[in-house]
There are 2 protein chains.
Amino acid sequence: MSKKIEVCLTPSLIDLYDIEQSIVVVIDILRATSSITYGIENGATAIIPVANVEDCLNYSDKGYLLAAERNGEVVEGYDFGNSPFSYTKEKVSGKIIVLTTTNGTKALHLANKRAFQVVIGSFLNLDSLCEYLKKQDKNVLLLCAGWKDQFNLEDTLFAGAVVSKLRKNFEHFDDSSVAAEDLYSLAKDDLRKYLHKSSHSHRLAQLNIEEDVVFCLQLNVCEAIPVLQGEKLVKLVS
Amino acid sequence: MSKKIEVCLTPSLIDLYDIEQSIVVVIDILRATSSITYGIENGATAIIPVANVEDCLNYSDKGYLLAAERNGEVVEGYDFGNSPFSYTKEKVSGKIIVLTTTNGTKALHLANKRAFQVVIGSFLNLDSLCEYLKKQDKNVLLLCAGWKDQFNLEDTLFAGAVVSKLRKNFEHFDDSSVAAEDLYSLAKDDLRKYLHKSSHSHRLAQLNIEEDVVFCLQLNVCEAIPVLQGEKLVKLVS
C-alpha cells in the first residue's frame with residue numbers, strides 16, 4: 001500500500017484523523033513516554049496508564065507500584081512520578097506500575113479508543129520504533145501529548161525525528177509532518193539548546209529536573225517498544 | 001504592560017486561549033484574508049463574513065456583491081469566490097461584499113465572540129499590521145484558519161513572519177510562536193518554493209490558481225488593516 005504519515009499536534013485534534021487502520025505513536029517526551037520506554041526496557045511487566053490520580057488508588061491493594069504526577073511534580077503519598085530515574089531495573093523489574101500523568105495518559109486513552117494499534121515513542125527508542133513502523137503495512141499517526149492540550153516543541157521535535165527517519169518508506173505527508181521534520185532539522189544538533197526556547201523548558205527549569213530533561217533527550221539507549229494490549233502497556237514482541 | 005504573543009494553530013484550539021483582552025489576528029493566506037485585505041485596500045466599503053453559503057443568499061436583494069467559495073472553487077451562481085483578482089478597485093470600490101469561505105469566515109466568527117478586537121492579516125499588509133500591533137498595549141493571538149480545522153503551513157508561516165517582526169516589542173512567546181518563527185526563517189527567502197512541500201499547495205495546484213498563490217505571497221503591497229466592527233469588516237482608522 002501507499003503509506004501515509006500524519007502528525008497530530010495536540011490531543012484536542014485527534015478526532016480529525018481516521019485512525020481505525022493506523023498505528024498511533026503516543027509522544028510525551030517530558031517525561032511520560034520516555035519513562036514508560038525506560039521502564040519497559042528495564043523489565044517492568046506492565047505499565048497501566050490511568051486517567052486520574054483517584055483511579056491510581058483503586059490499584060493500591062494489589063502490590064503494584066503507584067506513579068502519579070501533576071504539573072510536573074510527584075503527587076504526595078505515591079511511590080514515584082514520571083522521572084525516568086524512578087524506572088531503573090532495580091526499581092521496576094518484574095513489577096506492574098500504575099501511572100497517571102498530566103498529558104501522556106490522556107493522549108493514550110484517546111488513541112486507544114479507535115486506533116489499530118497504540119505504541120509508545122521517545123528519543124530513547126527512536127531507531128527501534130522506526131524500524132518497526134517501516135515494516136508494517138499501516139499508516140502512522142504521531143500523536144503529540146502537548147501541554148494541557150496546547151502544542152509543545154519537544155513532542156513535535158520527536159515527531160519530526162520519526163518523519164525524517166521514515167521519509168523514504170512513506171509516500172504521503174501532511175503539513176504538520178513537514179513542519180515537524182523541518183523543526184527537527186533545525187534542532188537536531190543540540191536538542192537541549194533548542195528547547196531552551198520553549199515555555200515548557202522554563203516550567204521544567206523551575207521544577208529542577210534538568211537531569212531528567214537531559215536523560216529524555218538521549219537517542220537510542222533502549223530497544224523496547226511499549227505497546228497497549230487492552231489497558232496495559234507491555235513490551236512489543238515483533 | 002509585559003506583552004504576550006501566542007499562535008493558535010487551528011480554530012479548533014481557540015477555546016484554550018484567554019482572548020478577552022487580546023487583539024486576534026485572523027489568518028487565512030490562501031486566500032480569504034489576502035483577498036479581504038486587498039478588497040478593503042481597494043475601497044470596498046465593507047466585507048461581511050457569513051458562516052455558510054445559505055446565509056449569503058439572505059443578502060441577495062440588497063445590491064451587495066455575493067462571494068462564496070467551497071473547497072477552493074466559486075459556488076455556482078455567485079458573483080465571485082475568494083480569488084484576490086476579484087477584489088480589484090474596479091470591482092469593489094464603494095461596494096459591500098458578503099463573503100463565505102471554507103475556513104476563514106469560521107475562524108473570524110470564533111474570534112469575534114470573545115476577543116477585544118479582531119483584525120485581518122496577510123502577507124499583503126504585514127508591515128502595516130505589525131506597526132499597528134506594536135503600538136497597542138494588548139496581547140496578540142495569531143489565529144491560523146488552517147484547512148478544515150487542521151494545521152497548515154501557509155498560515156503558520158505568516159504567523160511566524162509576524163512573530164519575527166514583533167519579537168523585540170513583546171516579552172512572552174508560546175511554543176507555537178517559536179515554531180512558527182523558525183519555520184518562517186527557513187521559508188522566507190522563497191515562500192513559494194517552500195509551500196510546494198505543503199499538501200494544500202498540491203490541492204491548489206489542482207485548482208489551477210497558481211497566479212492567486214503568487215499574488216497572496218507578496219509582501220507589503222497594501223496599507224489597509226481590515227477590522228471587525230460588529231459583523232462587518234471595515235478599514236481600521238488608527
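Letters A, B, ... mirror the listed sequences (proteins, then strands); counts begin at 1. Values below: every heavy atom of this structure, side chains too, minus hydrogens, waters and symmetry copies.
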Visitor: Treating A:Gln150 as the side-chain partner and A:Gly146 as the backbone partner, does any N or O pair qualify as donor plus acceptor under 3.5 Å?
Guide: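 No, because the side chain of A:Gln150 does not come within donor-acceptor range (under 3.5 Å) of the backbone of A:Gly146.
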Visitor: So among B:Tyr87, B:Phe215, B:Phe85, B:Phe123, which one has a ring-ring contact (aromatic ring centres under 6.0 Å, His included) with B:Tyr38?
Guide: B:Phe215
Visitor: Salt bridge or not for B:Lys3 and B:Glu171, using N-O below 4.0 Å?
Guide: no
Visitor: Do you know which of B:Ala187, B:Ala179, B:Ser185 has the most heavy-atom pairs with chain A at a distance under 4.5 angstrom?
Guide: B:Ala179
Visitor: With only heavy atoms counted, which part of B:Thr156 is less than 4.5 Å from chain A, the side chain, the backbone, both or neither?
Guide: neither
Visitor: Can you tell which part of A:Thr10 gets under 4.5 Å to a heavy atom of chain B, answering side chain, backbone, both or neither?
Guide: side chain
Visitor: Which atoms of B:Leu9 are under 4.5 Å from chain A, going by heavy atoms: the side chain, the backbone, both sets, or neither?
Guide: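 Answer is side chain: those atoms of B:Leu9 sit under 4.5 Å from chain A.
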Visitor: Between the main-chain N or O of B:Ile225 and the side-chain N or O of B:Asn125, is there a donor-acceptor pair closer than 3.5 Å?
Guide: no
Visitor: Could you tell me which portion of A:Leu186 (side chain, backbone, both or neither) has an atom closer than 4.5 angstrom to a non-hydrogen atom of chain B?
Guide: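 Interface part for A:Leu186: side chain.
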Visitor: So, using salt bridge (charged side-chain N to carboxylate O under 4.0 Å, His left out) as the criterion, who are the partners of A:Asp18 when residues are at least two apart?
Guide: none
